[in-house]
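I have a structure here, written as structure tokens, and I will follow up with some questions on it.
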Amino acid sequence: MIPFIDLQSQRARIDSSVQRAIAAVLAHGAFVMGPEVSRLEEELAHWAGVPHAVTCASGTDALVMALMARNIRPGDAVFVPSFTFVATAEAVALVGATPVFVDVTPGTLTMDPASLDAAVAACRREGWGVPRAVIPVDLFGQPADYAAIGAVADREGLWILADAAQSFGARLGETPVGSLAPLTATSFFPAKPLGCYGDGGAVFCKDGDEAAVLRSIRVHGQGASRYEHARVGLTGRLDTIQAAVLLEKLTLFADEIELRERVARRYLDGLAGSVELPRVIAGGRSVWAQFTIALEGRNRLAAHLATHDIPTAVYYPKPLHRQEPYAAFPVAPDGLPVTEAACGRVLSLPMHPYLDEATQDRIIDLILSAVEDGACRY
Ligand SMILES: *Cc1c(COP(=O)(O)O)cnc(C)c1O
């Protein structure tokens, strides 16, 4: 099998500098909140176009910390897509609030503003909770429709927490991910566009007081001194070694975004007219965390590609509102038809900056011939 995401080619480009960076941490010994962490936070904030980046232990912690900072609690309703990784809704449930599931838009597969609007109205009517926040997800690497979601949020008095776990480095117009919402959470899980060699995450914010609250939550709600606690918090810090790795990976990141774009364009051109292709929002620049097609014979195509040593993945086979721990939470009034259809049709293809043209053309040819043979219908 070729790799679905090739982390070894990336490693080969920076191996010696990563080794040196890790060795430096081992030598200075500040494994927790060492100098690399604050250096990384400065660079991340610069990338995101915000004054404050607060790194943390995972993307899930980033979401939880943001919700805690805004005091989201039992009795509150937070609107989330059902077509996402579980952590988006999990973070809401972890703070005791009620996730309300919203549908996505065909093509972009990000939150449908009309479904959000209907869900907020139903929430008020049915008393599911006090509508407080919405978490749009930048699915597969592209920004959600922040303008349309922002219009609903402003009218309804909701604040926006962007789940940018898959989209760090992306833009909407001239605005980088991190600046599109008052609070943004991202993840540095190894398979994300910017990944470390373990777990990691960050929260981006525009407000200095809020950044201070996030930093306090990250360390057990620390107050004025170490054993003074101003609030309930957690052990949410990013390891210094992971910060050192990320600083080295950031040196490649702009180039890797270009390479991802080139791979995506080749898929878009090569597969045009054969299967449903991902659509990027107008003015958006995706970082292509995934390249996800959709077709009726998804499982047959996946099996066919596997026999030719081409791996694929299904993100996501089962919507969150049909998963046991979330099945009792409310759903937008017209249901989630686009989400349900997508779960049966999506297929993510090998996607990473180092996918060579010959291999990619082989993947494209295999898909075209399978679709033409009628083995897999569009
Ligand atoms: C990966 C991911 C997360 C969680 O990130 P972790 O670092 O794995 O905790 C949250 N939301 C989305 C959409 C993700 O893809």
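Along the sequence shown, residues are numbered consecutively beginning with 1. Start at 1 and go down the list; that is how both ligands and their atoms are numbered. The structure presented is a predicted model; accordingly, all values stated were derived computationally and were not measured.
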Numbering as shown, the atoms of ligand 1 that approach Ala87 to under 4.0 Å (heavy-atom distance):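 Near Ala87, meaning under 4.0 Å from one of its heavy atoms, ligand 1 has 3 (C), 4 (C), 10 (C).
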Protein contact of atom 6 (P) of ligand 1 - nearest heavy atom, named by residue and atom, plus distance: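 The protein heavy atom lying closest is Gly59 N, 3.4 Å.
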Ligand 1 N/O within reach of Gln166 N/O, cut-off under 3.5 Å: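 It does: an N or O of Gln166 is found under 3.5 Å from an N or O of ligand 1.
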Proximal atoms of ligand 1 relative to Ser187 (non-hydrogen, under 4.0 Å):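 Here the atoms of ligand 1 in question are 5 (O), 6 (P), 7 (O).
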Centroid-centroid distance, Trp128 to Phe329, less than 6.0 Å: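 Not close enough - the centres of the two rings lie 6.0 Å or further apart.
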Min side-chain heavy-atom separation Leu301-Leu305 under 4.5 Å: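 Contact flag for Leu301/Leu305 side chains = yes.
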Atoms of ligand 1 close to Val137 [distance to a heavy atom under 4.0 angstrom, numbered from 1]: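 The list of qualifying atoms is 13 (C).
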Ligand 1-proximal atoms of Asp163, by part, heavy-atom distance under 4.0 Å: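 For Asp163, only side-chain atoms sit under 4.0 Å from ligand 1.
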Interatomic distance, Gln323 atom CD to Ser82 atom OG [nearest 0.5 angstrom]: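 Result: 8.0 Å between the selected atoms.
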Pairwise distance CD1(Ile367) to CZ(Arg362) - rounded to 0.5 angstrom: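 Spacing of CD1 (Ile367) from CZ (Arg362) equals 11.5 Å.
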Side chain proximity check, Arg260 to Met351, heavy atoms < 4.5 angstrom: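 Sidechains of Met351 and Arg260: in contact.
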Residue, atom name and distance, where the atom is the protein heavy atom closest to atom 14 (C) of ligand 1: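 Heavy-atom neighbour on the protein nearest atom 14 (C) of ligand 1: Lys192 NZ, 3.0 Å.
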Ile5 reachable from Ile310 in the ILVMFWY side-chain graph, under 4.5 Å edges: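 Yes; Ile5 is reachable from Ile310 via cluster members.
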For ligand 1, the portion of Ala165 having any non-hydrogen atom under 4.0 Å away: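 For Ala165, only side-chain atoms sit under 4.0 Å from ligand 1.
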Distance flag, aromatic centroids of Phe101 and Phe83, threshold under 6.0 Å: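 Centroid separation for Phe83 and Phe101: 6.0 Å or greater.
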Protein heavy-atom partner closest to atom 9 (O) of ligand 1 - residue, atom, separation in Å: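 The closest heavy atom on the protein side is Thr60 OG1, 2.5 Å.
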Residue Ser58 vicinity, atoms of ligand 1 by number, heavy atom under 4.0 Å: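 This gives 7 (O), 9 (O) as the contact atoms.
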Atom NE2 of His46: over 12 foreign heavy atoms under 6.0 Å: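 Not buried by this count: 12 neighbours or fewer within 6.0 Å.
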Numbered atoms of ligand 1 (with element) below 4.0 Å of Thr84, judged on heavy atoms: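 Listed by number with element: 13 (C).
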